[in-house]
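Everything below concerns the one structure shown next.
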Amino acid sequence: MPISLDTMLALTTRFHVSVDGVDLGGWARCQGLEVKFNPEPQHDGGNYQYETVLPGAIKYTPVTLQRAINSADTAKVQSWLRERASGWIDAHSSGGGGTAQITLFDAHAQKVATWQLRNVYPDSWKGPDLDAGTLGIATEQLVLVHEGFL
């Protein structure tokens, strides 16, 4: 039995992203939901049995989102980026970064998990490489930096 177009789209667009209630649409790829605790081993003089481990600075990886460009969702991202760019210089008075929500859905559109990212800022946006000599898919990539999701 062939897979319908709606079913194929549901299988590839399984992440949904919003920032402060601004819907940035569905995404096909989400990378970087990662936290590193960076424990710091300390050698205590006279102790030859083990190293003491102290907590280090927790670091969160930037989140990279990718998808095929579509007119509705790409316009939402462009509008959000314009808003962020207009307040970039006055960031001290704009209230800082927003709160992003990344929601993972299964193939039946049921919510599986949600991550809340604190103090989110756009790091970069990359549009498609336009080449009329290829049959590729026009994609966009959005990179978000944040202060954590735990």
Point to revise | Residues in side chain to side chain contact (heavy atoms under 4.5 Å, CB included) contact with Asn47, at least two apart in sequence or another chain | key: Asp44, Gln49, Tyr50

Exercise for review: Can you sort out the partners of Asp23 under side-chain hydrogen bond (donor to acceptor under 3.5 Å, both in side chains), two or more places apart, ordered by chain and number?
Suggested key: His16, Lys76

Check your understanding: With sequence neighbours excluded, what pairs up with Gln141 under the side-chain hydrogen bond (donor to acceptor under 3.5 Å, both in side chains) test?
Key -> Gln66

Review point. Just how far is it from atom CD1 of Ile58 to atom CG of Asn38, taken to the nearest 0.5 Å?
Key: 9.0 Å

Exercise for review: Applying side chain to side chain contact (heavy atoms under 4.5 Å, CB included), name anything that partners Leu130, two or more places apart in sequence or on another chain.
Suggested key: Pro128

Exercise for review: List for me each residue that meets salt bridge (Lys or Arg N to Asp or Glu O under 4.0 Å) alongside Glu40, sequence neighbours excluded, and say none if there are none.
Suggested key: none

Check your understanding: Roughly how far, to the nearest 0.5 Å, is the CZ atom of Phe149 from the OG1 atom of Thr114?
Key -> 13.0 Å

Review point. Any side-chain heavy-atom pair from Val120 and Val145 closer than 4.5 angstrom?
Key: no

Practice item. State, with a plain yes or no, whether a side-chain heavy atom of Phe37 is found less than 4.5 Å away from one of Leu150. Key: yes

Point to revise | Any side-chain heavy-atom pair of Leu117 and Ile102 under 4.5 Å | key: yes

Review point. Atom CG of Leu144 and atom OH of Tyr121: how far apart are they, to the nearest 0.5 Å?
Key: 12.5 Å

Review point. Who passes side chain to side chain contact (heavy atoms under 4.5 Å, CB included) against Val112, sequence neighbours left out?
Key: Leu104, Asp106

Practice item. Apply side-chain contact (heavy atoms from CB on, under 4.5 Å) to Val19 and Thr99, showing your working. Key: CA-CA 6 Å; Val19 180; Thr99 300; over 6 Å; no

Point to revise | Check: Thr74 side chain, Asn70 main-chain N or O, donor-acceptor pair, under 3.5 Å | key: yes

Point to revise | Qualifying salt bridge (charged side-chain N to carboxylate O under 4.0 Å, His left out) pairs with a residue from residues 130-150, counting only residues at least two apart or across chains | key: Arg67-Glu140

Exercise for review: Using a 4.5 Å cut-off on heavy atoms from C-beta on, say whether the side chain of Trp115 contacts that of Gln101.
Suggested key: no

Practice item. Please lay out, stage by stage, how Leu65 and Val17 fare under the test side-chain contact (heavy atoms from CB on, under 4.5 Å). Key: CA-CA 9 Å; Leu65 304 165; Val17 178; 3.8 Å; yes

Point to revise | Sequence-distant partners of Gln31, side-chain hydrogen bond (donor to acceptor under 3.5 Å, both in side chains), two or more places apart | key: none

Practice item. Tell me, please, which residues at least two apart from Lys126 pass salt bridge (Lys or Arg N to Asp or Glu O under 4.0 Å). Key: Asp129

Review point. Which pairs with one or both residues in residues 49-65 pass salt bridge (charged side-chain N to carboxylate O under 4.0 Å, His left out), sequence neighbours excluded?
Key: none

Practice item. Search all heavy atoms of Val53 against all heavy atoms of Pro39 and return the closest pair with its distance. Key: CG1-CB, 3.6 Å

Practice item. State, with a plain yes or no, whether a side-chain heavy atom of Gln110 is found less than 4.5 Å away from one of Phe105. Key: no

**Study point:** Leu54 CG to Gln42 CD distance, which is reported to the nearest 0.5 Å
**Key:** 5.0 Å

Check your understanding: Take atom CD1 in Ile137; do more than 12 heavy atoms of anything else shown fall under 6.0 Å from it?
Key -> no

**Study point:** Partner set under side-chain hydrogen bond (donor to acceptor under 3.5 Å, both in side chains) for Ser18, not counting sequence neighbours
**Key:** none

**Study point:** Non-neighbouring partners of Leu81 that pass side chain to side chain contact (heavy atoms under 4.5 Å, CB included), sequence neighbours left out
**Key:** Val77, Gln78, Pro122, Trp125, Leu142

Check your understanding: Taking the six-membered ring for Trp, are Tyr60 and His146 parallel (under 30°), tilted (30 to 60°) or perpendicular (over 60°)?
Key -> tilted

Check your understanding: Checking Asp73 side chain against Leu24 main chain: does a donor-acceptor pair fall under 3.5 Å?
Key -> no

